[in-house]
Amino acid sequence: MSVTLSIIYLIATVTFIVGLKKLGHPDTAKSGNLIAASGMGLAIVGTIFIHDLEVPTIIYVLIGVAILVGSIIGWLIAIKVEMTKMPELVSLFNGFGGASAALIGIVEFGNADISATSASIVATILAAIIIGAITFSGSLMAYGKLNGSVKSVIKIPQYNIVNNIFIIGVVALAAYLVATGIDSSILLYALVAGGLVYGVLFVMPIGGADMPVVISLLNSLTGIAAAITGVLYDNMVMLVGGILVGSAGIILTIAMCVAMNRTLVSVIFGSFTATGGPESANKAMGSIKSTTASDTAIMMNYATNVIIVPGYGLAVAQAQHVIHELEELLTSKGVNVKYAVHPVAGRMPGHMNVLLAESNVEYDMLVEMDDINPQFNNTDVVLVVGANDVVNPAAHNDPSSPIYGMPILDVENAKHIVVNKRSMNVGYAGIDNELFYNAKTAMLFGDAKKVLTDLVSELKNM
Amino acid sequence: MSVTLSIIYLIATVTFIVGLKKLGHPDTAKSGNLIAASGMGLAIVGTIFIHDLEVPTIIYVLIGVAILVGSIIGWLIAIKVEMTKMPELVSLFNGFGGASAALIGIVEFGNADISATSASIVATILAAIIIGAITFSGSLMAYGKLNGSVKSVIKIPQYNIVNNIFIIGVVALAAYLVATGIDSSILLYALVAGGLVYGVLFVMPIGGADMPVVISLLNSLTGIAAAITGVLYDNMVMLVGGILVGSAGIILTIAMCVAMNRTLVSVIFGSFTATGGPESANKAMGSIKSTTASDTAIMMNYATNVIIVPGYGLAVAQAQHVIHELEELLTSKGVNVKYAVHPVAGRMPGHMNVLLAESNVEYDMLVEMDDINPQFNNTDVVLVVGANDVVNPAAHNDPSSPIYGMPILDVENAKHIVVNKRSMNVGYAGIDNELFYNAKTAMLFGDAKKVLTDLVSELKNM
Amino acid sequence: MKIGILKESTKGDKRVSISPFITKKLVKKGFEVFVEEGAGVKSLSEDAEYEALGATITSREGVFKSAQVLVKINPFDKNDLKQVKKDHVLISQLYHKSNPELIKAIAETGATAFSMDAMPRISRAQDMDVLSSQNNLAGYKAVILGAYEMTKIFPLMMTAAGTITPSKVLIYGVGVAGLQAIATAKRLGAVVEATDIRTETKEQAESLGAKFISVENSGEESEGGYAKEASEDYQKRQKEAVNKSLFQADLVITTAMVPGKKAPTLITKDQVKQMKNGAVIIDLAAAQGGNCEVSKLNETVKIKGVKVIGTTVAPESVSTNASDLYAKNIYNFIKHLTKDQNFEWDLEDEITDETLIVKDGVQRKN
Amino acid sequence: MKIGILKESTKGDKRVSISPFITKKLVKKGFEVFVEEGAGVKSLSEDAEYEALGATITSREGVFKSAQVLVKINPFDKNDLKQVKKDHVLISQLYHKSNPELIKAIAETGATAFSMDAMPRISRAQDMDVLSSQNNLAGYKAVILGAYEMTKIFPLMMTAAGTITPSKVLIYGVGVAGLQAIATAKRLGAVVEATDIRTETKEQAESLGAKFISVENSGEESEGGYAKEASEDYQKRQKEAVNKSLFQADLVITTAMVPGKKAPTLITKDQVKQMKNGAVIIDLAAAQGGNCEVSKLNETVKIKGVKVIGTTVAPESVSTNASDLYAKNIYNFIKHLTKDQNFEWDLEDEITDETLIVKDGVQRKN
Amino acid sequence: MEELIEFISNNLQIVYIIILAIFVGVELIKSIPAVLHTPLMSGANALSGVVIVGAILVMLHSDPTDYLALALGFVAVVLGILNVVGGFAVTNRMLEMFKKKK
Amino acid sequence: MEELIEFISNNLQIVYIIILAIFVGVELIKSIPAVLHTPLMSGANALSGVVIVGAILVMLHSDPTDYLALALGFVAVVLGILNVVGGFAVTNRMLEMFKKKK
Ligand SMILES: NC(=O)c1ccc[n+]([C@@H]2O[C@H](COP(=O)([O-])OP(=O)(O)OC[C@H]3O[C@@H](n4cnc5c(N)ncnc54)[C@H](OP(=O)(O)O)[C@@H]3O)[C@@H](O)[C@H]2O)c1
Ligand SMILES: NC(=O)c1ccc[n+]([C@@H]2O[C@H](COP(=O)([O-])OP(=O)(O)OC[C@H]3O[C@@H](n4cnc5c(N)ncnc54)[C@H](OP(=O)(O)O)[C@@H]3O)[C@@H](O)[C@H]2O)c1
Ligand SMILES: NC(=O)c1ccc[n+]([C@@H]2O[C@H](COP(=O)([O-])OP(=O)(O)OC[C@H]3O[C@@H](n4cnc5c(N)ncnc54)[C@H](O)[C@@H]3O)[C@@H](O)[C@H]2O)c1
Ligand SMILES: NC(=O)c1ccc[n+]([C@@H]2O[C@H](COP(=O)([O-])OP(=O)(O)OC[C@H]3O[C@@H](n4cnc5c(N)ncnc54)[C@H](O)[C@@H]3O)[C@@H](O)[C@H]2O)c1
């Protein structure tokens, strides 16, 4: 390999590392992405043009066409698709990567004189094929699930056992091929098919909410497939890049599980137990979305206007000092913060006033209901802390509700609503709250003091 | 090289990485050190016994004796020396490492047929020698400075220029050797001498307070020397281990500068400006020691009894909410926390009471002077926040002082005293405070609110 | 529609049922407002102010003559009723459950009467709920009164001349008044304890920083947010649980009530005798018979160094705020009862139904 | 040594100079203590309590006869002096700068007199500093008194019946009393502003959450921690700076004093007239002539809806704490003056020197 | 096992590279705010498209007459570049929300 | 420059290893509490004693009659092991202060 190409690969590898590193921080993520992308571009261009092979023009043309076509399609899809469809798109693209790896393996299997090739190379080729195939079909499956096109969830007991026996069979077949050095395309295609089937079987039983974890896992697998292909070609950028993606992917997968309060094992194997969580709280009203302190912190950090709605729960949690800290922190970051005080929030007239005065919240940060209601339109994030009835739209919409006719804080007009409470329990009036099922609402479950403390520390790290 | 040895080296390398990683967290640091040490032991034993050379017994004996002698001496020194002498010891050991690298280079220079050896290998050998020599003499110099045996600080202007010309000369000589391939031991020894002299010159002008930074920097150099030697022998454990130490060392050096609020450049080149800092505040009373939020946090985290002494500065900074948070956090970590309230702390009777009541500090956490004074004996850390006169021992010791005869909080009896204030300014009574110059006292400068907030976040990360 | 604001005739009451600010709002909405001369003086609202905002100042008789709707805070009394005519609509507090004669007298005039204190305790009625708005102020003022009467200060102070220990405050009844009393005493630095028959008040009291004294509670629950009368057994258990705190308290504020019933006796004379020398009891339930056996309305009884102050005047003593809030309540209530400045009553509606005590001379509730 | 505790004869003063707790300490140290009958009753300390702790209860005459050291809070008056003899040592507040006749009268008896209010304001004298200990309580009680007198509540409250805006409190003089007043008003939720002639008080006021109204201040500085008399020019500038706040204030508390001088007049009648209807002024400097032009000691003057209350009784009204603190001050002072229960005065010592006004019939200070 | 050992000794430096790369990957990603999980996953996904390099190599090495290999290689390149371009573009879009306000 | 390029192409994997190791070192150390700076420095110092391996190799490869080399090697081993043993021991002592209380 030419020295220039080596150096190009080296540079690309470094851009991958730096890019990944920068992707880990909100402020630098964008530039990280660009850096990694340009490194990738460099590696691709380098690979095409710097080599000492005699390559017929037609092949260049084909490569050019392939790249052009793929780029345009990829670009268009990425640009056109709605924001909410992003995760399934990632899954789709990931599947393509896996397919690409599998195809390379298939070609190389064809090219190589298997019986004469060293066992380790054959093993490498087969690994690339199997992993690539699994990733491909698994990702498509995940795509379908997120998409809503695949709905069925297999619910036979001992499913996992069947699943595991199947993959063991596939691996055994591969091992047999490696050991014997048989050059059989039938067996090869059997392997490919096995991988494809396993990918489907693997993803099938996992619930929709867990899909992101699965995608991350499959993504990690694609990285490994790329690395294996790298070994095949003794190509450092593929090797290192693949390994990076592989290891980072695994850690990311685990981090996602932790953030969802689950273990990786329970995501993959626990699929027969309840889909769990407060999701199942009120089927009639739709489903709720829960969020994390970390996500909320980011959202608030990048917001221009934030309104805090304190309620009785703030008093119960005695979180007045922390909320003041949060407000000060946001203000120091240039966010415009106000408190919307509903006249009957809490359990006595002026309850919120006493509470917030205790933590020295400036009086002019507290805004009365009538004055703040028109401002919600213009608000990026509303943080509802331990309030319930005072933000219940049933007061407007539901004449049968005991609170019908009571004026409320119109938090629904804000761009994002984050509601902190400990559970889906009702408030004083004893009625459900539609707001929690609003598409713009994310629930941030937990004791207000704990949650706000987390928010503060997340914000401090940004 | 035998496969076994390769694997041993691989394992050792991994232990180095894991060890370093664990050293970065207080709870795991000890095990990290042990892990790295056992990896090192493995590598050493492996090197001695696993090879396919014909080695005469006498050499084994010599190696054995060397290791035995070195180990015993090293162990004894490390065990015997007082805790306060640790940094200079590190410097000393580091110098030995550098010397070892230089010696290896010298031997290899002798062994090699220089004119016939590739330029890159010669360059490698010379680099090991020069860097090793610089580290050796520089570390000894640093040792001497910390030790007090070397006191003189050269104060000629343009010193740096002289210094830089000198090292350029040394490098030029080395480059000449590499380029011409002359096998001259005189030139070699000239190089060695040059390295040694530069080491001394480099460290000479740097002030005592900056020594830890210099040691860290030299340490990083030793790592690089080891890595270079590793290249020489194509020895992976030396290479990777050395690079790890080299890069980690540089980052650590920078981190230390940041923690001291200095830049690396100002440490190395800024040596002619004032030694700076509040150190120079009151020569008559001795010198003060300043500390960081991070250090204080660790100290408190591992303490059993902590007493907080609030004073007027706490009120000025309006830090009552944060101090309550700190106290709650410490309590939740199993630390026994109390507030010692001096009857005249603040500017009005009951000032501290009003303040702490506002942040909901439980009344029974506040202890009166007479009740708490006997408890200081038994206290690991006293945190004095914005108090001054009420902890001024002049009230006991100095009959000419305007506060003589006033009862004070006997914080001096505690094991460690941390005093937070913004500067060395006096308090209400307008007099200096000996306490700040006490050997047990560390000053934590800054606005109380800011400093306590930092303390809280440091503690949360532990 | 013509609204008349009468001066409060009850001795010591400095409030006025409708403040200038609300007068302005009413006038703006198209109501005609008649104000009795000097009605607002004691709560710092001069006649001129009302006039400037578009109200007509007139004599008492003039108000009765000109206005259809007559508004007061305290119940209409015999004197008032003499001038009430058939088509008058009276709005005030009536305490109809404890005042059957008054109600009868009103019915006899053939007029219509709404009682503000009969407002249901439901979320959407909160802005017309005079009990809440006034009791809230009572809770605050009771603490101020207590602090004023005591010979000790509330907060803990560690001073050069020795440490002052914090005062201990005990609150009976954690309703609106009790909660505000807790909050105020706590703010001033006292150590506050509280007790109530309704178990859900524990969390509420604690959310304001008080220690709650739980009395084992099996049967006695609340009803529609109000307490039911306590059983004798409960009373015994309550005494046991609270006595220790009572005997150490520097200030006791009692607010316990059961709607339509005499206030429960929570502190007997015997208990008072065992209290600390210098302690003060503020009995906010004095008008309903008192929570303390010895308390007398608007009097200070001294027993063995303990001052027992029976009062309800607390909201009157913060007349400016009290009038503003009462006025706002009335305003919301009138808004609720009217459409385009004309009455339109939905008797199915809980609020209208519960508060409409006498309709055209017919008594609806008792 | 024999110490005599006299009952306070000043009308309305409920304090006693030595509390039972300190009596116990004195007795334990070997002093003999004589207590006038009923001396402690008003501050809740019964004779029996003193007796149980080892003191002797006796008549007023008895105390004068038996004791060598006579302790009071208020200055010894003509009546008292009749019974004072040559070897008596009198300890009380004397305000010697404003009471030259009294001092002369004392000197004529040939006795020795210490004045507690002459205590130097130095760190080590703080535990004998009665001005601090009493003014501190005065600051607290002034706010309570104000809150009691007002027709508004202090805190901001956003309620269903409308929002109550927080009361505005303005404090003149940020000494010991002023600071405590700031703290107390702030605690209760008021918006607090303060002003003082001494510039260093800005930081102190702010450390308690008050807004400080700075008056451009060039010449007039403080002296030994006390304020000097303000120049006319300063007074003018002060009015300009403060007027806006004054005219919006709901409660004004004035505490400004200049030692040995008449209290400065900070609020003129004219200013009072421009204040809000319903505002309250508590003038704690009334005994020294008052900070408000119209204030009269122990009276409530009403001017155009503004109540001006001239008082100093504040600490007396928290007599329990006030007596405890005063007693502790006296105890520390006696400890300072004695060695093994015998007097041993070091006239070089600042504390002894400054407080010893009359020595064996010779007046030392004026 | 033996083969593994053999592989290690034959590819010692590769093994080091792999191990070090794993450490780098792990260290880079640990303690990332949850809100970045999805963009990061997406970014990593784009990076895994590095397999495109292999696909290009397949085509470059292909015999122009080996249509099967060419076709497969062609598809592999298309899929690979889809992964790369789409991946980075999607990531970029996701990160729009982190635009710093001034 | 040319030599550098040559070196890189000859030792490509070494270069990767060096670069990756640098990243690992950097990532491991960034954001360490200040109180650990000294122990960490000490631990890193002990690790730099890995040069002992080179010193041992020198001796193993020495001709038993080449006294100079032997002597130098001997000293190198002694100094190296001093660095290693002393370094780890000192670090261990420093870390005593982090003993977790129960
Ligand atoms: N202000 C007054 O004068 C007054 C008087 C009486 C009644 N009310 C009534 O009280 C209600 C007040 O409305 P609101 O929105 O303030 O309160 P709310 O409707 O009672 O809701 C409070 C919510 O806070 C949550 N919560 C409780 N403890 C928490 C904790 N530690 N951390 C986080 N969340 C916690 C609860 O949900 P989880 O259990 O799921 O956490 C609950 O749903 C109104 O219905 C009003 O009519 C008011
Ligand atoms: N309690 C009373 O009734 C009363 C009344 C009058 C006078 N005094 C006198 O006041 C003194 C009280 O003693 P004390 O120890 O509480 O206070 P102090 O002796 O006055 O010392 C306060 C210290 O706090 C520091 N400080 C100020 N602002 C700060 C901030 N924002 N953050 C951190 N530190 C800050 C200052 O040092 P930097 O400037 O370096 O930060 C100052 O040295 C005694 O001398 C007492 O006699 C008391
Ligand atoms: N939903 C609303 O919007 C709304 C509005 C205002 C009040 N409220 C609620 O109405 C309820 C009643 O409030 P209130 O202040 O008018 O009550 P209240 O004045 O009738 O009684 C005061 C308190 O005394 C307590 N009490 C009665 N008997 C007692 C006994 N024997 N021992 C101890 N305590 C006893 C009651 O439980 C109550 O808490 C409260 O829960 C309040 O929160 C609700
Ligand atoms: N060192 C100690 O130990 C100690 C003890 C107690 C008090 N002190 C200090 O003594 C000082 C005096 O306290 P005090 O309360 O007895 O003072 P004071 O009662 O004599 O006066 C009260 C306040 O009025 C202010 N004042 C006077 N004239 C004024 C004017 N024209 N306009 C505005 N304000 C005016 C004074 O500056 C003072 O702050 C304070 O600084 C206090 O902190 C010190």
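Every chain is numbered from 1, with letters handed out A, B, ... down the list of sequences. Excluded from the calculations below are hydrogen atoms, water molecules and symmetry mates; all remaining heavy atoms, backbone and side chain alike, are included.
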**Student:** Could you pull out the closest heavy-atom pair between I29(F) and A248(B), with the gap in Å?
**Tutor:**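 So the two residues come closest at CG1-CB, 3.2 Å.
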**Student:** Which answer fits A69(F), side chain, backbone, both or neither, if we ask what part of it has an atom under 4.5 Å from a heavy atom of chain B?
**Tutor:**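 Interface part for A69(F): both.
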**Student:** Could you check I104(B), I67(B), I59(B) and say which one makes a side-chain contact (heavy atoms from CB on, under 4.5 Å) with I56(F)?
**Tutor:**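 That would be I67(B); it is the only one of I104(B), I67(B), I59(B) passing the side-chain contact (heavy atoms from CB on, under 4.5 Å) with I56(F).
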**Student:** To check you understand the geometry: which heavy-atom pair defines the closest contact between G25(F) and S247(B), and what is its length?
**Tutor:**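 Between these two residues, the closest heavy atoms are CA-OG, 3.3 Å.
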**Student:** Between N33(B) and F88(F), is there a donor-acceptor pair closer than 3.5 Å when you use the side chain of the first and the backbone of the second?
**Tutor:**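 Looks like yes, one N/O pair under 3.5 Å.
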**Student:** When only pairs under 4.5 Å are counted, which of A55(F), G43(F), G73(F) shares the most heavy-atom pairs with chain B?
**Tutor:**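 Looking at each option in turn, the highest pair count goes to A55(F).
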**Student:** Quick one: salt bridge (Lys or Arg N to Asp or Glu O under 4.0 Å) partners of K21(B), sequence neighbours excluded?
**Tutor:**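 For K21(B) the salt bridge (Lys or Arg N to Asp or Glu O under 4.0 Å) partners, ignoring immediate neighbours, are E27(E).
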**Student:** Checking the side chain of S48(F) only, and the main-chain atoms of G223(B) only, is there a donor and an acceptor separated by less than 3.5 Å?
**Tutor:**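 Judged by distance alone, no pair lies under 3.5 Å.
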**Student:** State, yes or no, whether a side-chain contact exists between I44(B) and I81(F) at a heavy-atom distance under 4.5 Å.
**Tutor:**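 In short, these two side chains touch, coming nearer than 4.5 Å.
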**Student:** Would you find a donor on one side and an acceptor on the other, under 3.5 Å apart, between the side chain of N219(B) and the backbone of M41(F)?
**Tutor:**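 It does hold such a pair.
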**Student:** Are side-chain heavy atoms of F74(F) and V65(B) found at a separation under 4.5 Å?
**Tutor:**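 Touching, per the 4.5 Å side-chain cut-off.
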**Student:** Tell me, do T229(B) and V53(F) make a side-chain contact under 4.5 Å, heavy atoms counted?
**Tutor:**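 When only atoms from C-beta onward are counted, V53(F) and T229(B) do not touch, as no gap falls below 4.5 Å.
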**Student:** Counting only non-hydrogen atoms closer than 4.5 Å, does M40(B) touch chain F with its backbone (N, CA, C, O), its side chain (CB onward), both, or neither?
**Tutor:**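 For M40(B), the contact with chain F is made by the side chain alone.
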**Student:** So, do L47(F) and L244(B) sit near enough that their side-chain heavy atoms are less than 4.5 Å apart?
**Tutor:**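 Heavy-atom side-chain distance check fails, nothing below 4.5 Å.
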**Student:** Indicate yes or no: at least one non-hydrogen side-chain atom of V90(B) is less than 4.5 angstrom from one of V90(F).
**Tutor:**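 The answer is yes; the side chains approach within 4.5 Å.
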**Student:** Taking the side chain as C-beta and beyond, is there a heavy-atom pair between P26(B) and L36(F) under 4.5 Å?
**Tutor:**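 Side chain of P26(B) against side chain of L36(F), heavy atoms only: contact under 4.5 Å found.
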**Student:** So for V84(F), is it side chain, backbone, both, or neither that comes closer than 4.5 Å to the heavy atoms of chain B?
**Tutor:**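 For V84(F), the contact with chain B is made by the side chain alone.
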**Student:** Checking E54(B) against chain F: side chain, backbone, both or neither under 4.5 Å from a heavy atom?
**Tutor:**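 It is neither, since no heavy atom gets under 4.5 Å.
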**Student:** With a 4.5 angstrom heavy-atom cut-off, which part of H25(B) approaches chain F: side chain, backbone, both or neither?
**Tutor:**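 Backbone of H25(B) only, per the 4.5 Å heavy-atom cut-off to chain F.
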**Student:** Taking G54(F), A89(F), A21(F) one by one, which has the highest count of heavy-atom pairs under 4.5 Å against chain B?
**Tutor:**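 Looking at each option in turn, the highest pair count goes to G54(F).
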**Student:** Within the structure provided, determine whether L28(F) and I251(B) are in side-chain contact (heavy-atom separation under 4.5 Å).
**Tutor:**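 Side chain of L28(F) against side chain of I251(B), heavy atoms only: no contact under 4.5 Å found.
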**Student:** Could you look at L79(F) and say if it's the side chain, the backbone, both or neither that has a heavy atom under 4.5 Å from chain B?
**Tutor:**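 Both backbone and side chain.
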**Student:** Could you look at L20(F) and say if it's the side chain, the backbone, both or neither that has a heavy atom under 4.5 Å from chain B?
**Tutor:**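 Contact with chain B is absent: no heavy atom of L20(F) under 4.5 Å.
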**Student:** Give, as side chain, backbone, both or neither, the part of I17(F) having an atom under 4.5 angstrom from any heavy atom of chain B.
**Tutor:**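 When you check distances to chain B, only side chain atoms of I17(F) fall under 4.5 Å.
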**Student:** Looking at G242(B) and V50(F), what are the two nearest heavy atoms and their distance?
**Tutor:**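 Here G242(B) and V50(F) meet closest at N-CG1, 4.4 Å.
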**Student:** Any donor and acceptor pair, going by atom type alone, linking the side chain of R93(F) with main-chain N or O of M86(B) inside 3.5 Å?
**Tutor:**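 Judged by distance alone, no pair lies under 3.5 Å.
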